[in-house]
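What follows is one structure encoded as structure tokens, with my remarks underneath.
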There are 2 protein chains.
Amino acid sequence: MGALADPLRLTIVRKLMLESEDYDHSCGWFGFDRPKSSLTHHFKALREAGLIRQRQYGLERRSRVRTEDINQRFPGLLDLVAHWHQD
Amino acid sequence: MGALADPLRLTIVRKLMLESEDYDHSCGWFGFDRPKSSLTHHFKALREAGLIRQRQYGLERRSRVRTEDINQRFPGLLDLVAHWHQD
DNA sequence: TCATTAGTTCGATAAAACTCGTACTTGGTC
DNA sequence: GACCAAGTACGAGTTTTATCGAACTAATGA
């Protein structure tokens, strides 16, 4: 998955997995200090790689990891991501 | 591992794992139709990422996957690579 | 309807990565 | 030594990817 090669995108998936307690989260929730267009770029990459899905809740577009699908297509990938030590 | 994001490097590691029967292999063994300098570039990337080691045998510099080290640092990564279905 | 807010799209620029030719180094052989 | 073969180092050109501003869309609420 080339989509996870980018450090910010890896962080996004990790935060969703490890800190989200089964909720979906909007872009703002992550607290990244980047312009909106940059964030859109990365969320789009994750979406198109099949790693997250997004649903509209009012104004927000909340993201969630596609756990089932990923575990089926790439067994072990999410475990790897979860235990990944940066660098 | 950003080093595995490149398709040729993923192929190199996969071939070493799946077709090498516990031998080390020189660049030529892989049969890639690329200039030497390009291959050096990719083998260097894999070496610096800690994914392979190389030993000199006469003229050749043979490569081998660092299975032990990788399994220790990133448990599950090599299984993932082995079962990876391209695209 | 108007204002606000979350996010997208587009386009331009910058940074990173890949490709590959040329020259060089190293090991082996005659 | 001269020669050849495997691989490296360097540099330049090309391609890919990231970054981000500005204009835009969609949903909400006053």
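Just so it is clear, the structure is predicted and the values come from calculations on it, not from any experiment. Residue numbers begin at 1 in each chain, while the letters A, B, ... track the order of the sequences. We use all heavy atoms of the structure for the numbers below, so side chains are in, but hydrogens, waters and symmetry mates are not.
Counted by atom type alone, A/R62 and A/H25 present zero donor-acceptor pairs between their side chains at under 3.5 Å.
By the 4.0 Å N-to-carboxylate-O rule, B/D24 lies close enough to B/R53 to be salt-bridged with it.
The base of C/dG21 sits within donor-acceptor range of the side chain of B/S37, with an N or O pair under 3.5 Å.
Heavy atoms of B/R62 sit nowhere under 4.0 angstrom from any nucleic acid atom. Across all strands shown, B/R47 has heavy atoms under 4.0 Å from sugar-phosphate atoms exclusively, and none from any base. Contacts of A/H41 with the nucleic acid, taken as non-hydrogen atoms under 4.0 Å apart, include base atoms.
Comparing B/S38 and A/H25 by the nucleotide of DNA chain C whose heavy atom lies nearest to each, the residue mapping closer to the 5' end is A/H25. Each of A/A45 and A/L59 lies near DNA chain D, and the nucleotide nearest A/A45 is the one positioned closer to the 5' end.
For CD of A/Q56, the number of neighbouring non-hydrogen atoms (other residues, nucleotides, ligands) closer than 6.0 Å is greater than 12.
For C/dA17, neither phosphate oxygen OP1 nor OP2 lies less than 4.0 angstrom from any side-chain nitrogen or oxygen of B/H42. In terms of phosphate contacts, B/R61 brings no side-chain nitrogen or oxygen within less than 4.0 Å of OP1 or OP2 of C/dG27. Contact between the side-chain N/O atoms of A/T40 and the OP1/OP2 oxygens of C/dG7 is not found at any separation under 4.0 Å.
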